[in-house]
Q: 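First the structure, which I've put down as structure tokens, then a few questions once you've had a look.
Note: hydrogens, waters and symmetry copies are ignored here, and every other heavy atom, side chains too, is used. Since this is a predicted model, take the numbers as computed values, not measurements.
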Amino acid sequence: MKYEAPSTIDDAIALLADAQAAASVLSGGTDLLVRMRADMAAPGAIVDIKRIPALNEITETADGWRIGAAVPSAVMSEHDGLARDWPGVVEAAALIGSTQVQGRATLAGNLCNASPAADSVPAMVAASAKVEIAGPGGTRTVPVEEIPTGPGKTSLAAGEFVTAILLPKRAALSGDAYLRFIPRTEMDIAVAGCGIALSLDDTGTCQSARVALGAVGPTVILAADAASALIGTKLDDAALEALAAACSAAATPIDDKRGTAAYRKHVIGVLAKRAAKIAYARAGETA
Amino acid sequence: MALDKNAPETRSFKVVGSRPLRPDGIDKVTGRARFGADMSAPGMLIGHILRSPHAHARIRAIDTSKAEALAGVKAVVTRADFAAAPEGMEDVLDNCMAGEKALYDGHAVAAIAATSAAIARQAAKLIEVDYEVLPHVTDVDAAMAPGAPALHDGRSDETVPDGYSANVMSRVEYGHGDIEAGLAKADRVLERSYKTAATHQGYIEPHACLATMGPDGQADLWCCTQGHYMVRNTCAALLGMDQGQLRVTASEIGGGFGGKTTVFIEPVALALARKAGRPVKIVMDRTEVLRATGPTASSSIDVRIGMTKDGRITAADAELRYQGGAYPGSPVGMGSMSAFAPYDLENVRTIGYDVVTNRPKQAAYRAPGAPMAAFAVESAIDELAKGFGLDPLDVRLKNAAREGTRSSYGPTFPAIGLEATLRAAKDHPHWSAPLGPNQGRGVACGFWFNFGGDTCVTLNVTPDGTVTVTEGNPDIGGSRASMSMMAAEELGIPYEKVRTVIADTGALGQNEVTDGSRVTFAVGLATIEAARAAKREMCARVAKIWGIDEEAVIWEDGAAKPAGPNAGDYPPMTLAEIAAIASNTGGPIAGHHEVNAEGAGVSFATHIADTEVDPDTGATRIVRYTVIQDAGKAVHPAYVEGQFQGGAVQGIGWALNEEYIYGADGILQNPGFLDYRIPVASDLPMIDTVILEIPNPGHPYGVRGVGETSIVPPLAAVANSVSAATGVRMTDLPMSPPKVLAAVQGQQEG
Amino acid sequence: MSQIHVTTRLNGDETEFLCDAQETLLDVLRNRLGLTGAKEGCGTGDCGACSVTVDGRLVCSCLMLGAEAVGREIETVENMADGETLHPLQRKFLEHAALQCGICTPGILVAAKSLLEQNPSPTEEEARYWLAGNLCRCTGYDKIIRAVMDAAEEMRRAS
Amino acid sequence: MVKVRIWGSLTAATDGRSEVEVDATNLRELLDSLAQAYPGLQPQLKRGVTVAIDGLLYNDDWFTPISDDSEVVLLSRLQGG
């Protein structure tokens with residue numbers, strides 16, 4: 001195996017596009033190194049993208065926020081502006097692993113690892129995040145939910161890699177939140193996770209909403225019926241019950257060592273109700 | 001040995017009972033301490049073990065030729081490289097390296113030594129094993145049923161009645177009285193079944209060793225173990241060596257809890273070193289630790305208890321079924337003996353079945369066999385007490401075993417501390433503190449035997465009057481400090497003047513492993529006796545100097561003094577003064593003591609747990625926890641508290657989240673700390689402790705073992721607390737969120 | 001297989017080593033540089049026994065390649081004490097008997113030091129969550145948390 | 001004669017009696033006498049037992065004294081963790 005640490009995006013593309021090299025992108029490495037150790041990945045080369053300066057930056061743009069693909073979760077948590085605008089996304093990223101893992105793990109890595117249980121993905125999907133992808137054919141931008149196509153599989157083409165996560169500007173009277181359920185208080189993979197972003201009108205009625213569900217299907221689920229349950233309401237009990245029911249209905253989980261399908265279907269609704277209340281309160285705060 | 005009956009409770013102590021810094025502390029906070037994997041040797045090879053991917057398979061053939069041909073591979077061994085095991089050690093050998101069959105997922109089938117870990121791992125992939133996959137069974141009740149896939153044929157012993165599968169290895173029965181007559185007197189008879197999952201000791205340090213063997217057959221082994229004398233004896237037997245030719249040095253040990261009381265990789269490393277002619281180091285990874293070392297048994301237990309409406313137990317009956325993995329030896333005997341030990345019962349019976357399954361061979365885990373039994377019994381008693389509207393502590397006090405009680409397992413108890421722990425629990429502010437919404441409080445008792453065993457201590461006095469204590473039990477939690485304290489106490493010198501070292505197997509005679517909460521008791525006893533021998537020698541030397549009878553010299557406050565008719569005739573001679581002229585008075589001064597220490601005292605505990613259960617998710621949080629336990633005499637109270645807290649938290653993990661999860665294919669689903677979920681810091685509150693001291697008459701200072709009892713009550717204390725919080729009785733451990741939620745929902749529907 | 005030449009700053013000293021591409025920083029520290037204070041408890045980032053800091057950031061050295069260390073500042077437990085003077089955390093761990101077997105201790109000390117650098121006045125809950133990635137099986141964490149809180153207080157008084 | 005209590009599953013070897021009497025002044029004599037008087041106990045004695053004498057546990061120490069009024073109970077071999 002070879003180790004490469006290019007300093008430009010173009011060099012990285014060239015290394016990744018070399019089919020013979022069978023290269024993997026190394027960002028935080030908190031998934032890749034574990035998979036290599038377990039013989040579940042055996043790349044011919046590793047392309048460490050942390051030496052590309054632009055990939056280490058969080059920048060506020062005209063359209064919102066650009067988070068470089070090599071920015072670790074801990075740096076996001078320390079960024080006051082980002083945490084103010086997208087607290088749900090930042091909190092979701094801050095739930096990935098331990099403090100130690102936070103020092104390395106990235107949104108881009110969490111997304112491209114394509115685990116159905118990735119914590120940051122439902123939060124990003126709810127937040128309408130996009131990913132910026134560089135590749136031999138140039139740069140393209142796609143919604144986050146188009147990246148994972150199944151457990152461990154992504155839509156990235158050969159030679160492509162994610163260079164940044166793009167979050168929109170936070171609108172007035174909007175807020176987001178992410179909650180997950182794990183058996184312990186820390187260190188577990190999500191049994192179920194729910195990201196919600198919503199916006200209100202000035203009467204406090206929900207105008208728009210996105211509800212994304214994690215760990216209850218092979219990929220993240222954008223639950224349109226769940227969002228509809230919130231729109232036009234002030235998140236009264238009936239709306240929250242409808243939200244929970246819609247989430248449970250949209251979920252297609254499996255039984256595994258982390259929980260049963262029945263449990264996941266129930267808990268996803270519980271999490272959705274709780275996350276919606278947080279997002280709603282946050283939306284109100286921006287008034 | 002004769003018991004020291006010198007009324008320990010009346011003694012006042014100067015050093016014992018204080019909290020000095022541990023002598024190995026600096027090394028352990030600076031990273032200098034050398035644990036199992038921290039040793040290297042010139043020319044060292046790295047060993048790697050190939051493991052079965054099948055739960056049960058006949059090994060038709062193993063072809064190692066391609067692996068042997070790989071550049072950098074220096075030796076490959078299989079079972080053929082080991083001699084036939086001596087009688088009684090066949091299972092240990094077969095567990096270290098499979099013979100005819102692989103009996104569980106992870107069972108070792110071959111091993112490689114190579115110049116690097118990467119080459120060794122690559123070589124493992126080149127070994128071709130021809131497996132005939134066989135039907136498997138991992139559940140204890142399924143394994144007992146007639147027609148279950150049999151691991152071994154014809155190994156059931158004479159105690160097993162007809163009608164069971166060949167997987168039932170033995171049956172035990174304890175008790176006295178007449179169960180049915182007793183039950184007839186009860187106002188209510190509760191019958192319940194309980195299950196507990198297999199859990200792992202979860203020590204953070206994986207097994208590691210470094211072996212060297214020369215062509216002359218002399219060998220050295222460095223390893224992390226709870227007993228390097230056991231390692232020596234076992235490895236020598238499995239490799240056909242003389243015990244004296246194998247010197248074993250115990251590294252610092254990164255946790256054991258019983259899991260390092262046997263061998264796994266050590267004989268393999270020696271076999272590789274013998275074949276390669278070079279040092280070989282083997283370090284397990286976490287996956288190997290979970291797949292192929294010794295978790296504890298899983299259990300299935302039926303309990304029948306009769307109680308009068310005023311809380312008196314009229315009869316208690318239990319059947320315990322423990323699977324201990326692929327070989328006989330589950331701790332069901334100790335589970336059966338301990339199940340009802342806290343109670344004074346006229347009619348009591350326990351029946352235990354030892355069952356084999358396609359899982360790794362169980363190893364001891366802190367009070368082996370007792371926590372599961374206590375979970376069942378303490379849950380049933382709690383349910384009965386609640387049903388009658390009685391205070392669960394009052395019910396336990398009403399039935400508590402005390403001095404003179406004929407125990408459920410036979411012997412009559414001497415002075416014991418159960419009642420004291422129950423009264424202390426009642427008086428503790430925790431017991432009467434208010435609870436919040438969705439919170440509940442549970443209480444449970446626990447019992448453990450504690451042991452002694454073979455022990456050697458040598459105590460040397462240096463020329464400048466400092467003292468070295470040499471002992472043979474790895475220091476797993478601060479025992480060097482305790483030994484230094486007891487030597488200092490006995491000699492009347494400051495703690496700082498004593499240093500305790502753990503010797504290799506060449507330096508002392510046989511020492512039993514660090515287990516059964518025996519070290520502070522047994523090694524402490526031998527340390528005290530070694531110090532007394534040294535004092536006698538020093539008094540004899542001084543008697544010669546003064547020209548008086550030996551009997552006329554006594555030892556007091558670290559000095560020899562004239563006594564009796566000679567009192568005051570000579571100024572006292574301190575230990576340092578005597579040591580300085582030792583060469584002139586007969587040579588170096590030492591004391592030693594070798595003993596099979598008997599007379600360990602049993603220990604009881606009562607735990608109080610508060611939990612809060614999220615009714616929507618079934619998640620359980622420990623809100624408050626208090627441990628009350630009899631320590632006999634707490635030599636170093638800070639480390640006694642640490643044992644109480646650590647055992648309680650392991651029990652909390654067992655109660656809530658820890659479990660071996662097997663798939664239908666018999667493969668372990670969660671061989672890592674990600675999904676084998678031991679408690680993390682944020683899961684827990686502070687763990688309050690109350691140390692009671694009811695002296696053990698079998699020890700000069702009254703010491704009882706403290707390490708194991710603390711894991712016995714938590715399973716039931718937490719379960720009783722969850723039941724109080726939710727109104728549903730939890731009978732299946734772990735009480736993971738899906739199970740708790742299902743129970744709560746079932747109750748709402750029901 | 002050609003090895004990678006790495007120059008890094010380790011415990012304040014410029015340090016060079018050769019390593020294979022797949023070797024972790026933990027392997028390099030332990031097997032090539034003789035620093036065995038960081039331990040491997042899991043190799044998957046789940047136990048924290050291998051904790052070190054890289055450019056001041058707490059990480060698991062088992063989840064980082066040695067080759068990534070080029071130009072970084074690595075600090076390990078071996079550099080916590082100042083000569084013969086223990087770091088207040090090390091002293092408080094001894095005073096509170098916050099270790100039993102001691103295998104998790106180096107990782108917990110490094111993690112706790114990182115916590116107090118970031119947050120000199122953590123609450124008990126903050127300390128528990130910060131240290132959630134450092135498993136200890138002996139102590140039940142009680143004395144560890146007490147030692148960290150006591151060290152924090154002493155360090156606040158001294159500063 | 002020393003009275004010895006044995007555990008339930010061993011009574012198959014003692015004609016159903018849970019208490020037997022044998023001549024013994026120490027642990028070794030006790031185990032020898034039991035094996036001689038009740039050959040059915042031999043497999044278990046060979047596998048190992050723990051003996052409680054007046055409430056304290058003994059494993060192997062042959063010369064542990066036993067008097068006629070000692071309370072002697074045979075137990076499964078104990079192991080710790």
Side-chain angles (χ1 to χ4, degrees), chain B residues 19 21-22 24-35 37-40 116-118 201-206 252-257 283 285-287 475-478 636 638-639 641-650 652 672-674 678-687 689, chain C residues 1 20 22-23 27 30-31 34-47 49 76-78 80-81 86-87 89-91 93-107 109 124-125 127-146:
Chain B
R19 299 178 178 230
L21 300 185
R22 61 193 286 169
D24 52 329
I26 301 276
D27 280 353
K28 285 180 177 160
V29 297
T30 55
R32 287 206 295 263
R34 282 183 300 181
F35 289 84
D38 297 341
M39 187 64 99
S40 305
S116 77
Q201 299 82 358
Y203 35 82
I204 307 300
E205 181 199 32
E252 295 303 324
I253 174 170
F257 316 106
V283 181
D285 67 21
R286 179 57 51 185
T287 305
D475 178 353
I476 201 158
H636 194 309
Y639 287 100
E641 292 162 4
Q643 289 293 325
F644 290 7
Q645 292 163 336
V649 168
Q650 283 185 316
I652 288 168
F673 276 143
L674 184 61
I678 76 172
V680 301
S682 50
D683 291 344
L684 297 159
M686 293 296 184
I687 308 292
T689 57
Chain C
M1 188 161 29
D20 297 331
Q22 70 269 28
E23 264 183 88
D27 289 339
R30 292 180 54 83
N31 302 336
L35 293 182
T36 55
K39 308 296 181 191
E40 180 174 304
C42 67
T44 50
D46 296 308
C47 81
T76 71
V77 70
E78 282 90 347
M80 248 181 103
L86 294 180
H87 186 282
L89 278 162
Q90 293 173 310
R91 200 156 29 75
F93 266 58
L94 293 179
E95 288 173 16
H96 285 269
L99 55 143
Q100 286 177 31
C101 80
I103 192 84
C104 70
T105 310
L109 286 167
E124 182 192 325
E125 188 179 30
R128 286 184 179 277
Y129 273 86
W130 184 276
L131 295 174
N134 289 89
L135 301 181
C136 168
R137 191 59 159 170
C138 293
T139 65
Y141 305 102
D142 181 298
K143 293 181 187 301
I144 290 173
I145 299 298
R146 286 179 202 278

Q: Do any N or O atoms from the side chain of Arg19(B) and from the backbone of Glu95(C) form a donor-acceptor pair under 3.5 angstrom?
A: no
Q: Starting at OG1 of Thr139(C), measure out to CD of Gln645(B) and round the result to the nearest 0.5 Å.
A: 7.5 Å
Q: Under a 4.5 Å heavy-atom cut-off, does chain C meet the side chain of Ile26(B), its backbone, both or neither?
A: both
Q: Where do Gly31(B) and Val77(C) come nearest, in terms of heavy atoms and distance?
A: CA-CG1, 3.9 Å
Q: How far does CD1 of Ile476(B) sit from CD of Gln100(C), to the nearest 0.5 angstrom?
A: 9.5 Å
Q: What option among Gly140(C), Ala127(C), Cys101(C) has the most heavy-atom pairs under 4.5 Å with chain B?
A: Cys101(C)
Q: Taking Asp142(C) for the side chain and Ile687(B) for the main chain, is one N or O donor matched with an acceptor at less than 3.5 Å?
A: yes
Q: Give, for atom CG of Leu131(C) and atom OG of Ser682(B), the distance between the pair rounded to the nearest 0.5 Å.
A: 9.5 Å
Q: Within the distance-only criterion (no hydrogens, no angle test), does the side chain of Gln90(C) pair as donor or acceptor with the backbone N or O of Val29(B) below 3.5 angstrom?
A: yes
Q: If you count heavy-atom pairs within less than 4.5 Å of chain C, which of Leu21(B), Asp24(B), Thr30(B) leads?
A: Thr30(B)
Q: Whether Glu641(B) and Lys143(C) form a salt bridge (side-chain N of Lys/Arg under 4.0 Å from carboxylate O of Asp/Glu) is what I want to check.
A: yes
Q: Looking at Ile103(C) and Gly254(B), what are the two nearest heavy atoms and their distance?
A: CB-CA, 3.6 Å
Q: Please rank Ile144(C), Asn31(C), Thr76(C), Leu135(C) by heavy-atom pairs under 4.5 Å with chain B and give me the top one.
A: Leu135(C)
Q: Closest heavy-atom contact between Phe257(B) and Cys138(C)?
A: CZ-SG, 3.7 Å
Q: Over all heavy atoms of both residues, which pair between Pro206(B) and Glu40(C) is shortest? Give the atoms and the distance, please.
A: CD-O, 3.4 Å
Q: Counting only heavy atoms closer than 4.5 Å, note whether Thr44(C) contacts chain B via side chain, backbone, both or neither.
A: neither
Q: Looking only at atom types and distance, does a side-chain atom of Tyr141(C) sit under 3.5 Å from a main-chain N or O of Pro679(B), one as donor and one as acceptor?
A: yes
Q: Please rank Ser116(B), Gly256(B), Gly477(B) by heavy-atom pairs under 4.5 Å with chain C and give me the top one.
A: Gly477(B)
Q: Determine the sole option in Leu109(C), Leu99(C), Leu94(C) for which the side-chain contact (heavy atoms from CB on, under 4.5 Å) test with Lys28(B) is passed.
A: Leu99(C)
Q: Less than 4.5 Å to any heavy atom of chain B: does that hold for the side chain of Tyr129(C), its backbone, both, or neither?
A: both
Q: Need one label for Glu252(B): side chain, backbone, both or neither, based on atoms under 4.5 Å from any heavy atom in chain C.
A: neither
Q: Measure distances from Ala648(B) to the heavy atoms of chain C and classify the residue's part below 4.5 Å as side chain, backbone, both or neither.
A: neither
Q: Side chain, backbone, both or neither: which part of Arg91(C) has a non-hydrogen atom closer than 4.5 Å to chain B?
A: neither
Q: For the candidates Met80(C), Glu125(C), Glu78(C), Glu124(C), which exhibits the highest count of non-hydrogen atom pairs separated by less than 4.5 Å from chain B?
A: Glu124(C)
Q: Should Leu684(B) and Arg128(C) count as side-chain neighbours, where that means a heavy-atom distance under 4.5 Å?
A: yes
Q: What's the shortest heavy-atom distance between Cys47(C) and Phe673(B), and which atoms?
A: CB-CD1, 4.0 Å
Q: Which answer fits Gln643(B), side chain, backbone, both or neither, if we ask what part of it has an atom under 4.5 Å from a heavy atom of chain C?
A: both
Q: Among Val649(B), Asp38(B), Val680(B), Asp27(B), who wins on heavy-atom pairs under 4.5 Å with chain C?
A: Asp38(B)
Q: State whether the side chain of Arg137(C) and the backbone N or O of Gly255(B) hold a donor-acceptor pair below 3.5 Å, judged by distance alone.
A: no
Q: Looking only at heavy atoms and a cut-off of under 4.5 Å, which of Leu89(C), Thr105(C), Asn134(C), Leu35(C) has the most pairs with chain B?
A: Thr105(C)
Q: Only pairs of heavy atoms separated by less than 4.5 Å count here; which of Cys136(C), Pro106(C), Ala132(C), Gly37(C) has the most with chain B?
A: Ala132(C)
